[in-house]
Novice: 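Take this structure first; my questions come after.
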Amino acid sequence: MTGRALKRGMAALVSAVLLSAWTAPVLAAQPPERSRPDGVEAIVSFEAGRGAEALSEARAAGGRLVRFLRSGTDALVVFPAGTKVSAVRERLAGRGAVESVAPNGVLRPAWVPNDPLFPQQWALSSIRAPQAWDLTRGSAAATVAVIDSGVSLTHPDLAANLDLAHDWDFVRNDATADEEHEHGTHVAGIVAAVANNATGVAGVAPLAKVLPLKVIDRDGNATTADFVDALRYAADAGAKVVNASLGMALDPGVPDEAAEIAVLQHAVDYARAKGVVVVAASGNGGGPPVWYPAACDGVLAVSATTREGTLAPYSSVGPQVDLAAPGGWAISQLDLLTGGIVSTWGTAGYAYATGTSMAAPHVAGVAALLLSLRPDTAPEEVEAALEASARDISPAGFDEQTGYGLVQADAALNRLARVSRVAGVDRYATAAAASRAAFGSGESATVVIASGEQFPDALAASPLAGLVGSPVLLVRRDSVPTATLDEIRRLGATRAVIVGGPGAVSTDTASDLAKAGLAVERIGGRDRYETAALVAARVLASRAGTATVLVARGDGFADGVAASAPAASSRAPIVLVMPDRLPSAAREALAAAAPCDVVVLGGEGAVSQAVFDEIEEAPGVVSVTRWGGVDRYETAATIAARALAEGMIGDSLVAVASGADFPDALCGGAAAGRKSGALVLSKPSSLPTAALGFVSGSLTATSAAWILGGPAALAWSVQADLIRAMP
């Protein structure tokens, strides 16, 4: 898009050096995977001098020795096909001679395409696309609509990736979006030129589809009407990403131009509502303002960088710039060969060009990679992953020149891959989804059952789940949902422990579980306080030494569910109290737990200082501390941070659940505890400051995160907040 900025109409111009179509011998081929035995390989580590004993333990778990490794304390063992290494690890590690069990993964070199011009595609290295290709190279499901000058429909490096069932020419109003100006072909090649075909170049997302939509005529101009029609058409046709390497400078202070901005914004809003990521070039004005549509709300505005990673002098800049990407820079035609962006051109050729037109499709291609990895990802999540993972370039921090920085494909994929939504159509299906996230098929002989309708009794369920190695699944008072039954079958469970009395889970429901082939046990008292005390007694029956007991208010659920992850992970019972009184059942539970260290959850508004003092004076209580904050969100973050510091949980996982409704947190927290993870609570539409602080300050670059529940529980904006907060 180098050239003059037009006040009216849409302009998209490039400086280019043309190359004829050519091919070269294959440079590199993707190496085959190493052949593997018929089974699952694992590396079994053992104490020095106890190899024979460790091998015997591995054999008892179905393993067969392949060889001892040179370390002298590790062995390569193959287990029967379908074996879960995590299950073997839990069975063997730390219980005899075996210290740990790890998968024997396959290491592969980074994929290098054999396209002859690939070595000249410095831009791909700049955005780390080759590193991303080992995870995904795009997919046909991730269609990028290129709203431009049309595309050469028979170009040998593009034809296989074009969606010609839906292309449209808005200039001539026909169904063939063939090029009249080479600009669109160059842009399309940056997005998704076919890779590894020994021809020309490789696209950022070489397995993605390009939907050509022509709005630019042979003179290089487009109209607002054609563009907004094309944008709406792209959304209706199912495009996941739109690239708009075109634009015009508009002044919102001028009434006519403000009206035109409104027309563009309405079209962008329509596309966003359809789940489309809209990417646009910031413009080639060499300074403010950012051109429209890039300046519209909800559009990823992209400025251009040079080969050296600095802002290209021609880039339009302003507060709307979100990201930067390679656009190249050259002061002569010869410079284009080293500083320009090479891509497809004409019917079968290639050319070097510069401009923000070249920068935007690099970002659109990375967005297509993200959506290939996670097709159901919302635009907010894609944008958050791109922005949070960008490499900051001068000036430091977010700025009006390069936004969050230079887009980085592999880091964006890593961000997105580390954050997943664990959800079902309702609370029962979400509980089952949490179970699937934590347990493999056949991995739990016992399930803990709680009410999904009246769940005060269930507040005590998570430490019991940790004790018996089980998820917490939900039932209705008078029936067992299909999702729950299906998950019980998948787990291979033969036993169910109901937490709560018949008022919470009826005898008919217990009978239905028995009819499903489960041996059913109930732990339930006359009220929530007695139920919690009974569960605590069960959990503490096999303990040795001083126990840790968590105390939470029983007439509110937030603090109790916030502790569900560390309670499950460390098998610390949850005893319920009233805000201003210590019930007799709780008093008896603390006495039975002696000696014990007590952690009171919540501030004094949740559990009063008088109750705290009464607990402190109870016989057998060694110490009492309080983990609380000014509200439920700060309390949950405090619990997570203190539990991490005390070693009750690890830093490999955080689960985020609604602080307004609690079934998802209850079951998801127990599942996170299975993974030694943390749980924090969120508002329905934004991640609170306290939760953000825990995520950014306590996790690592390898930590994963779950969003518990569907968008009705936690909006996509919460997931975007979480992606941004991840280290």
Novice: For residues I393 and G309, report the shortest heavy-atom separation together with the two atoms involved.
Specialist: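 Result for this residue pair: CD1-O, 3.7 Å.
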
Novice: Using the side chain to side chain contact (heavy atoms under 4.5 Å, CB included) rule, take T344 and Y350 through it: C-alpha gap first, then chi angles, then the decisive distance, then the call.
Specialist: CA-CA 4 Å; T344 46; Y350 300 87; 3.8 Å; yes

Novice: Heavy atoms only: give me the nearest S389-R415 pair and the separation to one decimal.
Specialist: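 Answer, listing the atom of S389 first, then R415: CB-CG, 3.9 Å.
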
Novice: Between Y233 and F170, is the ring pair (Phe, Tyr, Trp, His ring centres under 6.0 Å) condition met? List the steps.
Specialist: CA-CA 10 Å; Y233 178 94; F170 289 86; 5.7 Å; yes

Novice: Work out which heavy atom in G298 is nearest to a heavy atom in R272; give both atom names and the distance.
Specialist: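 For G298 and R272, the tightest heavy-atom pair comes out as O-CD, 3.4 Å.
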
Novice: Please examine the side chains of R218 and H181, heavy atoms only from C-beta on, and report whether any two atoms are closer than 4.5 Å.
Specialist: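 H181 vs R218: side chains apart.
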
Novice: In sequence, state the C-alpha distance, the side-chain angles, and the governing distance for T185 and H155, and then conclude on side chain to side chain donor-acceptor pair (under 3.5 Å).
Specialist: CA-CA 9 Å; T185 298; H155 196 293; over 6 Å; no

Novice: Side chains of T199 and D157: is there a donor and an acceptor less than 3.5 Å apart?
Specialist: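 No, because no side-chain N or O of T199 sits under 3.5 Å from a partner of the opposite role on D157.
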
Novice: Please step through side chain to side chain contact (heavy atoms under 4.5 Å, CB included) for the pair D178 and V151, ending with a clear verdict.
Specialist: CA-CA 5 Å; D178 53 338; V151 171; over 6 Å; no

Novice: Is E180 salt-bridged to R172, going by a charged N under 4.0 Å from an acidic O?
Specialist: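 Salt bridge flag = yes for R172 with E180.
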
Novice: Heavy-atom distance under 4.5 Å between the side chains of Q320 and W291, does that happen here?
Specialist: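 SC-SC contact between Q320 and W291 ruled out.
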
Novice: Looking only at atom types and distance, does a side-chain atom of Q131 sit under 3.5 Å from a main-chain N or O of A409, one as donor and one as acceptor?
Specialist: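 Answer holds: no.
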
Novice: Does L373 offer a backbone N or O that forms a donor-acceptor pair with the side chain of T136 under 3.5 Å?
Specialist: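 Checking the backbone N and O of L373 against the side chain of T136, no donor-acceptor pair under 3.5 Å is found.
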
Novice: Could you tell me whether E179 and K214 make a salt bridge, using a distance below 4.0 angstrom between a side-chain N and a carboxylate O?
Specialist: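 Salt bridge: no.
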
Novice: Would the distance check show the side chain of S152 and the main-chain N or O of G346 forming a donor-acceptor pair, the cut-off being under 3.5 Å?
Specialist: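 Confirmed, S152 side chain pairs with G346 backbone.
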
Novice: Would you name the heavy atoms of V101 and A42 that are closest together and state the gap between them?
Specialist: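 Here V101 and A42 meet closest at CG1-CB, 3.9 Å.
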
Novice: Is a donor on one side and an acceptor on the other found under 3.5 Å between the side chain of T306 and the backbone of E308?
Specialist: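 Yes.
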
Novice: Passes side chain to side chain contact (heavy atoms under 4.5 Å, CB included), V201 versus Q121? Steps please.
Specialist: CA-CA 8 Å; V201 296; Q121 291 185 273; 3.6 Å; yes

Novice: Please check if the side chain of W122 supplies one atom and the backbone of G340 the other of a donor-acceptor pair under 3.5 Å.
Specialist: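 Yes: the side chain of W122 pairs with the backbone of G340.
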
Novice: Check whether any side-chain N or O of S372 sits under 3.5 Å from a backbone N or O of A368 as a donor-acceptor pair, and report yes or no.
Specialist: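 It does hold such a pair.
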
Novice: Nearest 0.5 Å, please: how far is CG in D392 from CG in D399?
Specialist: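 Going from the CG atom of D399 to the CG atom of D392 covers 7.0 Å.
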
Novice: Please report the shortest heavy-atom distance between S315 and A304, naming the atom on each side.
Specialist: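 Reported closest heavy-atom pair: OG-N, 2.9 Å.
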
Novice: Can you find a heavy atom in the side chain of S282 that is under 4.5 Å from one in the side chain of S303?
Specialist: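 Answer yes - side chains close enough.
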
Novice: For W133, does its backbone N or O pair with a side-chain atom of R137 as donor and acceptor, under 3.5 Å?
Specialist: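 It does hold such a pair.
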
Novice: Closer than 3.5 angstrom, by distance alone: can the side chain of D167 be matched with the main-chain N or O of L211 as a donor-acceptor pair?
Specialist: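 Judged by distance alone, no pair lies under 3.5 Å.
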
Novice: Minimum heavy-atom separation for A205 and A192, please, with both atom names.
Specialist: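 Result for this residue pair: O-CB, 3.4 Å.
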
Novice: Kindly compute the distance separating NE2 (H166) from CG (D236), expressed to the nearest 0.5 Å.
Specialist: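 Rounded to the nearest 0.5 Å, the NE2-CG separation comes to 11.0 Å.
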
Novice: If you round to the nearest 0.5 Å, how far is CG of L246 from CG of D226?
Specialist: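 Between D226 CG and L246 CG, I get 11.0 Å after rounding to 0.5 Å.
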
Novice: Taking the side chain as C-beta and beyond, is there a heavy-atom pair between V210 and L158 under 4.5 Å?
Specialist: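 Of all side-chain heavy-atom pairs linking L158 with V210, none is under 4.5 Å.
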
Novice: Do the side-chain N and O atoms of T338 and D335 include a donor-acceptor pair separated by under 3.5 angstrom?
Specialist: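 Their side chains do not contain a donor-acceptor pair, so the 3.5 Å distance test is not met.
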
Novice: Can the ring centroids of H186 and Y352 be said to lie less than 6.0 angstrom from one another?
Specialist: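 No, the ring of H186 stays outside the 6.0 Å limit from the ring of Y352, centre to centre.
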
Novice: Would you call R128 and D410 a salt bridge, using N to O less than 4.0 angstrom?
Specialist: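 Here R128 pairs with D410 in a salt bridge, since their nearest N and O are under 4.0 Å apart.
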
Novice: Nearest 0.5 angstrom please: I341 CD1 to W329 CH2, how far?
Specialist: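 If we round to the nearest 0.5 Å, I341:CD1 and W329:CH2 are 13.5 Å apart.
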
Novice: So P727 and R418, do their side chains get closer than 4.5 Å, heavy atoms only?
Specialist: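 Counting from C-beta outward, R418 and P727 do come under 4.5 Å.
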
Novice: Verify side chain to side chain donor-acceptor pair (under 3.5 Å) between S45 and D74, making sure each step is shown before the conclusion.
Specialist: CA-CA 4 Å; S45 302; D74 301 284; 2.5 Å; yes

Novice: Is it the case that the side chain of S316 and the backbone of G283 share a donor-acceptor pair, with hydrogens and angles ignored and the cut-off at 3.5 Å?
Specialist: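 Present.
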
Novice: Does any non-hydrogen side-chain atom of D322 lie less than 4.5 Å from one of V302?
Specialist: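 With C-beta onward as the side chain, the pair stays apart.
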
Novice: Show your working on side chain to side chain contact (heavy atoms under 4.5 Å, CB included) between L699 and M726 and close with a plain yes or no.
Specialist: CA-CA 7 Å; L699 302 185; M726 295 288 283; 4.0 Å; yes

Novice: Taking atom OG of S139 and atom NZ of K240, what is their separation to the nearest 0.5 Å?
Specialist: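 One finds 9.0 Å between OG of S139 and NZ of K240.
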
Novice: Quick one: does D148's side chain have a donor or acceptor within less than 3.5 Å of a partner on I216's backbone?
Specialist: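 Not confirmed, D148 side chain does not pair with I216 backbone.
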
Novice: Decide yes or no for F79 and E41: does some side-chain heavy atom of the first lie under 4.5 Å from some side-chain heavy atom of the second?
Specialist: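 F79 vs E41: side chains apart.
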
Novice: What's the separation between atom OG1 in T347 and atom CD in E182, rounded to the nearest 0.5 Å?
Specialist: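 CD of E182 is found 9.0 Å from OG1 of T347.
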
Novice: Does I723 reach the side chain of D721, with side-chain heavy atoms less than 4.5 Å apart?
Specialist: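 No - every pair of side-chain heavy atoms lies 4.5 Å or more apart.
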
